Protein chains: 2
Amino acid sequence: MKITAQEEYGLRCLLQVAKADGSITISEICRNEGISSANVAKMMSLLRKGGFVKSNRGQVGGYELARKPSEIAIGEVLAFLGGRLFDPGFCSSHSGIEEECAHNSDCSVRSVWLRVQFAVDQALGRISVEDLLRGTEQELIRLQPSRIPSEGIANR
Amino acid sequence: MKITAQEEYGLRCLLQVAKADGSITISEICRNEGISSANVAKMMSLLRKGGFVKSNRGQVGGYELARKPSEIAIGEVLAFLGGRLFDPGFCSSHSGIEEECAHNSDCSVRSVWLRVQFAVDQALGRISVEDLLRGTEQELIRLQPSRIPSEGIANR
DNA sequence: GAGAATCTTGACGTTTAGGTCAAGATTGGC
DNA sequence: GCCAATCTTGACCTAAACGTCAAGATTCTC
């Protein structure tokens, strides 16, 4: 399980747009994030196709959010940029050399993925772009619903 | 975020070993799981290097668990097969075209990854191979996992 | 209308994950 | 000792993710 580059850089570019006063250009995002402008361009093109930002061409062009920050869920953005962990086609794309997966009817591994997917959905479900705009990292980590401990596993 | 093939197939192979009465060969796992024998061989080699199974060569060879099923944490297996979602080198490997990530001191995106990592750890931390051996998928999904004796759980 | 600043697109090269293959090493049975 | 069954290893091929590039389209300013 890995976080993809598209998720990381895409989310960072989106936050740059959210932070911007008015609109922001590719080269400004490039400077602020230290990502090559070609790569920023690719991310922005994706984010536009996902309906998260609007673009304007021309000399005073740039990008702005397509919706209010409070109405953009981080979970939705990540699902668009990197797909879901356990998506509907997962089992059929892991059938090995057979037509269908050997465990179609009952699968203990699938139960693991379902639990993980549920946990991730819970963790991301209520966070919006607005939430990430306010507050420092430390404040965000303490944000409801889940607590993130500095070390080990917390018991509630 | 995607579940890697190595995680899926590796876990399935490990469960085959756990299910087996005594030891099991590559070709048996291949038949049971519908995975090519070359690929099973690769997975088993990995699992052996990870210390989860022991191998025996020769005419009556095969694989068996290296530890008791109750002492093998699924989270540990998955971390070995696919790495952690947010590992210690994550930020430095996503610094774009700069030496260091532009957000080293305070990063709202990092807070997202920490939350997700914590949620996954919570969901997996206490499930063992033994848990997956008993029970159907439906039962496992509802499972309140049994505790794994103090190993393989807490990572930073 | 010309030129500058910007976004847009598709093609391309590189790196990593995924999977196969063949040759080798080890062990048990005869 | 020889053969068969098994695991082991490194090389190799393919597919997907990642990143770059160049040419084009659009819009503003003058």
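Per chain, numbering begins at 1; letters A, B, ... match sequence-line order. All values reported here derive from a predicted model rather than from experimental measurement.
- Summarising the geometry, the separation between CG on B:Leu81 and C1' on C:dT16 is reported as 17 Å, rounded to the nearest angstrom.
- For the pair B:Tyr63 OH and D:dT6 P, the computed distance is 12 Å after rounding to whole Å.
- Listed in residue order, the members of residues 3-22 of chain B having a heavy atom less than 4.0 Å from DNA chain C are B:Thr4, B:Ala5, B:Tyr9.
- Within residues 42-55 of chain B, the residues that have a heavy atom under 4.0 Å from DNA chain D are, in order of number, B:Arg48, B:Ser55.
- Taking atom CG on A:Asn39 and atom P on C:dT14, their separation rounds to 17 Å, with Å as the unit.
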Can you list, pair by pair, the side-chain donor-acceptor contacts under 3.5 Å of residues 14-34 of chain A, counting residues two or more places apart and other chains?
| residue | atom | partner | partner atom | Å |
| --- | --- | --- | --- | --- |
| A:Gln16 | OE1 | A:Asn32 | ND2 | 2.9 |
| A:Gln16 | NE2 | A:Glu33 | OE2 | 2.8 |
| A:Thr25 | OG1 | A:Ser27 | OG | 3.3 |
| A:Thr25 | OG1 | A:Glu28 | N | 3.2 |
| A:Thr25 | OG1 | A:Glu28 | OE1 | 3.3 |
| A:Glu28 | OE1 | A:Thr25 | N | 2.9 |
| A:Glu33 | OE1 | A:Arg12 | NE | 2.7 |
| A:Glu33 | OE1 | A:Arg12 | NH2 | 3.2 |
| A:Glu33 | OE1 | B:His103 | NE2 | 2.7 |
| A:Glu33 | OE2 | B:His103 | NE2 | 2.9 |

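- For A:Asn104, the side chain to side chain donor-acceptor pair (under 3.5 Å) partners two or more places apart in sequence, or in a different chain, are A:Glu100.
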Quiz prompt | Protein proximity profile, nucleotides 22-30 of chain D - base contact B, sugar-phosphate-only contact S, no contact -, cut-off 4.0 Å on heavy atoms | solution = --BBBBBS-
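- Taking atom CD of A:Glu28 as the reference point, atom P of C:dA5 lies 14 Å away to the nearest angstrom.
- Atoms CD1 (A:Ile24) and P (C:dT6) sit 12 Å apart, rounded to a whole Å.
- Evaluation of the ring-ring contact (aromatic ring centres under 6.0 Å, His included) rule for A:Tyr63 yields no partner, not counting sequence neighbours.
- Contact annotation for A:Ser36: backbone-only contact, meaning every heavy-atom pair under 4.0 Å involves sugar-phosphate atoms and none involves a base.
- Distances from the side chain of A:Ile26 to the nucleotides D:dT20, C:dT20, C:dC7 place C:dC7 closest.
- For B:Thr4, the side chain to side chain donor-acceptor pair (under 3.5 Å) partners are B:Glu7, not counting sequence neighbours.
- B:Trp113 places none of its side-chain heavy atoms less than 4.5 Å from the side chain of B:Leu85.
- The ring-ring contact (aromatic ring centres under 6.0 Å, His included) analysis of residues 20-46 of chain B, with sequence neighbours excluded, yields no pairs.
- Looking at residues two or more places apart in sequence or on another chain, you find no side chain to side chain donor-acceptor pair (under 3.5 Å) involving B:Ser37.
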Indicate every side-chain donor-acceptor pair of residues 42-57 of chain B with a distance under 3.5 Å to a residue at least two apart or in another chain.
| residue | atom | partner | partner atom | Å |
| --- | --- | --- | --- | --- |
| B:Asn56 | ND2 | B:Glu64 | OE2 | 3.3 |

Can you give me every donor-acceptor pair (side chain of residues 67-74 of chain A, partner residue at least two apart or in another chain, under 3.5 Å) with its distance?
| residue | atom | partner | partner atom | Å |
| --- | --- | --- | --- | --- |
| A:Arg67 | NH1 | A:Glu71 | O | 2.9 |
| A:Arg67 | NH1 | A:Glu76 | OE1 | 3.4 |
| A:Arg67 | NH2 | A:Glu76 | OE2 | 3.0 |

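- Atom CG of B:Leu81 sits about 12.5 Å away from atom CD1 of B:Ile3, to the nearest 0.5 Å.
- The ring-ring contact (aromatic ring centres under 6.0 Å, His included) contacts involving residues 20-49 of chain B comprise nothing, where partners must be two or more places apart or lie in separate chains.
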